[in-house]
Amino acid sequence: MATTSKKFHTSFQTGQSEHFVQFCETDAFLIDSVSAFIGAGLRAGDVVIVLATKPHTESLEERLKGDGLEVAAARVRGQYVSMDAAATLSKFMVDGSPEPGRFAEVVGSMIALAAQGQRHVRIFGEMVALLWAEGNRAAAVRLEELWNDLGKTHSFSLCCAYPMQGFGGEVYKEEFTEICQQHSRVIPAESYTLLSSADERLRAITLLQQKANSLEAEIAERKGAEEQLRVSENRYRRLFEASKDGILMVDPRTGTITDANPFMTELLGYTREQLLGQELWRIGLFRDREANLEALRELREKYVLRYETVPLHTKDGQRRQVEFVSTLDQANGHSVIQCNLRDITERKRAEEALLHLAAIVESSDDAILGKNLEGIITSWNAAAERMYGYSAEEIVGQPVTLLFAPDRQDEFTQIMARIRRGERVDHYETVRVRKDGTRLTVSVTISPIKDSSGTIIGASAIARDITERKQLEAKFRRLFDSNLIGVFVADFAGTFLDANDAFLGVLGYTRAELLAGTMQRDALTPPEFHSLSQNAVKALQETGASGAYETEYLHKSGRRIPVLVAVTRIEQTETCMGFVLDISGRKELEKRKDEFISMASHELKTPLTSFKGFLGLLQRRLTTQGDEQALHYVARMDAQVNRLTKLVNELLDLSKMQTGQLDYREERFEVDALVQEIVENVQGTTQTHRLLLEGQIGAEVCGDRDRIGQVLINLLNNAIKYSPWADTVLVRVAKDQNKALVCVQDFGIGIAKEHQHKIFERFYQVTDSEEKTYPGLGIGLYISYQIVKRHGGRMWVESKKGEGAAFQFTLPLV
Ligand code: ADP
């Protein structure tokens, strides 16, 4: 320090008013400089006032003492005054600015007091430096002005000292100039002041000029760079604000959002404020916190993270798909994460729809192909490959006319002319050629394809192979036109829409009448058959076919026509096709057959009765004569007559049943007794089988005892007849609730399932090879069934082929 003080060249004139400023780089230099100024004052007999910080005051006084000055004595004499700069400052500062009145009062009165006795006053002040250091630069400049104002009324030398480092920066340029201007003298800081020779100073000035120049150049450059940065920041900000991607800035240390652009807030439905400070998983971006942390870890490792599709849940619960790209970068020495989210929900939907459509096209059974306006094939689905035999690789790029039959080539020009006009060609039936040269009949629909501007750029063709349908149609047409059978098409409501001549012939109508819609099913059906046609329609709706049923139609003349009808639904329509067979002839024949049976059985009955009577007489006579041989023959004749009588009786019963003339008696009788009686009787006629009777019910039924007996006889005879190798027949009587149940079980040939419901029909006999050998008419079970039914009972069979049969019937108990 001593050395610097020796080099210190600045001279301070005494007795002269001035306001100068000393800049300094170090405290040591400051003390050097100020002590020279104050020391010179004390030596010259001036009054000195020190308004400095406590440390500076102490260092200064130390130095003065070191320079041989009696500071304490000077203070006592009133020649040396020291005040704390900050404390003094606080006396006149009002609202961060020096208040002129108070300043004048505080500082002015201090100077006036010191200047008494015409003594010169030297002041070292640091109040401005304090204000400057605080950043209250305006107040510092203002205080300098007030000092200058005070200098107009008071005489004093004022040394202000500022640390040079307080002015480092372009921003201080103006204020620095201002400060300098407020002083009558400016003393540079020590790096200049301490130079001893003029030559050295000139060099220093040159060096400083050079430094200033380069600094200015640097500043200009920096300004340019800053401007550029500002421009690019602005541009980035605009992009950020206007981007159609959601952008989030995330702090990599905390993983929380530091910024979000408007699109992001819109996408998520949160306000920017709600987003800031949140972790990504909280705003629906990752599944959970763990997934979020994992993503951040990965990002720290790879610096870039890209997810093709991330599900995103918006605030209002919508699910959206986003493409997510996140980067980790350095900016201003900080790491930042930027996440870009692109809403691809619509794109995904469109892609899915497109895929869906493509899958439909690919899985279609119809050939679907695309072509441009020149007729070059541009797309080809799997069905097209199957139908025409060309693979997509082979045919795409080829002209569509490759598929056209040689004699149909001109179709192309006609079709394309319509397509160019924007027209659609609907269900156009034509012939095409497969790769192997075979022909197929197709139904094609061709529609124009337009681009986004509406310009027609090609066409799509959907073709269905109708070869088979055509062949089927032709076959059906032949059947229809052959008129072997009546065929009609009708709707479910019952209007005949189409019919062949055979059908019209059956009913006596003309085609014109049919086409006029006058043929209505209900009007053409006698009322008692309406329920049959309704059942048929129901079956059509449920199963697609009615099955054959007999009904009657009304001929135009009013005559009834018995017909056999079968109806099938025409696929996926409310219409049906019916086949009608006129069975008048068959019905007539049946009627005649019934009449014959009735007549024949009546006619046979009388001679048979007298035959039986005479046989009885003959038997009695031969018995008296004791002619055993003849008696034997008569007994055999009697058995045959009994068989014949049975047959004739059955036929007679049958025809009576047909005409409703069979009479039934009404009487109460015991089931147990009847069954026992019949079993004993039938047992008397057979030596081959034992009839075992089980069960008793002790109950009565009401009805015709003989007819029920006839049923039982029938069943027992059948049981014996159809079990030639068995020796037992079981008869069981039981009570089932309020019904009597009678069961006749044999161990014979049994009945296959398919015959079981038919054996109760008239004349039905099982005609498989085995059964053929058994004689009979096939009417016994029919009669039995009708008798039981007439008594309010039910009859059925349980059997398996080869395992015997169990015929059962019920009768209501009284
Ligand atoms: P039929 O006079 O032919 O016996 P039915 O009406 O009594 O006439 O019987 C009808 C048909 O039922 C018979 O032809 C026979 O094929 C079958 N059937 C009847 N009873 C039995 C039985 N117990 N076992 C096997 N088949 C039987």
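Values reported hereafter were calculated over all heavy atoms of this structure, with side chains retained and with hydrogens, waters and symmetry mates removed. Every number for a ligand or one of its atoms is a count from 1 in the order of the listing. For the single chain, residues carry numbers from 1 onward in sequence order. Because the structure is predicted, anything quoted here is derived from the model rather than measured.
With Val744, Ile751, Ile759 as candidates, the residue nearest to atom 26 (N) of ligand 1 on a non-hydrogen basis is Ile751. For atom 27 (C) of ligand 1, the choice among Tyr782, Tyr774, Tyr722 with the nearest heavy atom turns out to be Tyr722. Residue Gly778 holds the heavy atom nearest to atom 8 (O) of ligand 1 of all those in Ser784, Gly776, Gly778.
Taking distance alone, with nitrogen or oxygen atoms compared against 3.5 Å, Ile749 stays at or beyond that limit from ligand 1. Checking only distances, Gln765 does come within under 3.5 Å of ligand 1, N or O to N or O.
Between the side chain of Asn483 and the backbone N or O of Asp501 there is at least one donor-acceptor pair closer than 3.5 Å.
In summary, of the residues considered (Thr445, Asp366, Thr441, Asp365), a side-chain hydrogen bond (donor to acceptor under 3.5 Å, both in side chains) with Arg464 occurs for Asp366 alone.
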Hey, can you pull the donor-acceptor pairs under 3.5 Å for the side chains in residues 776-789, sequence neighbours left out?
unit_1 : atom_1 : unit_2 : atom_2 : d
Tyr782 : OH     : Gln658 : OE1    : 3.3
Ser784 : OG     : Asn714 : ND2    : 3.2
Ser784 : OG     : Gly780 : O      : 2.8

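The aromatic rings of Tyr774 and Tyr722 lie tilted to each other, with the angle between the two planes from 30° to 60°. In this structure, His755 and Tyr764 have tilted ring planes: the angle between them lies in the 30° to 60° band. In this structure, Tyr553 and Phe496 have perpendicular ring planes: the angle between them is above 60°, well past the 30° mark.
The closest side-chain donor-acceptor pair between Thr767 and Gln765, if any, does not fall under 3.5 angstrom. Under the 3.5 Å distance criterion, with hydrogens and angles disregarded, a donor-acceptor pair is assigned to the side chains of Thr438 and Arg434.
At the top of the distance list for atom 7 (O) of ligand 1, counting protein heavy atoms only, stands Asn718 ND2, 2.9 Å. Distance from atom 5 (P) of ligand 1 to its nearest protein heavy atom, with residue and atom name: Leu781 N, 3.7 Å. Among all non-hydrogen protein atoms, the one lying nearest atom 11 (C) of ligand 1 is Tyr764 O, 3.8 Å. In terms of protein heavy-atom proximity, atom 23 (N) of ligand 1 is nearest to Asp746 OD2, 2.8 Å.
Taking 4.0 Å as the cut-off, Phe807 counts as a neighbour of ligand 1 on heavy-atom distance. Heavy atoms of Lys721 approach ligand 1 to within less than 4.0 angstrom.
Close approach of ligand 1 to Leu777 (heavy-atom distance below 4.0 Å) involves ligand atoms 2 (O).
Cation-pi geometry between Arg636 and Tyr633 is not met: the NZ or CZ atom fails to fall both under 6.0 Å from the ring centre and inside 45° of the normal.
Only backbone heavy atoms of Ile779 (N, CA, C or O) come within less than 4.0 Å of ligand 1; its side chain stays farther off.
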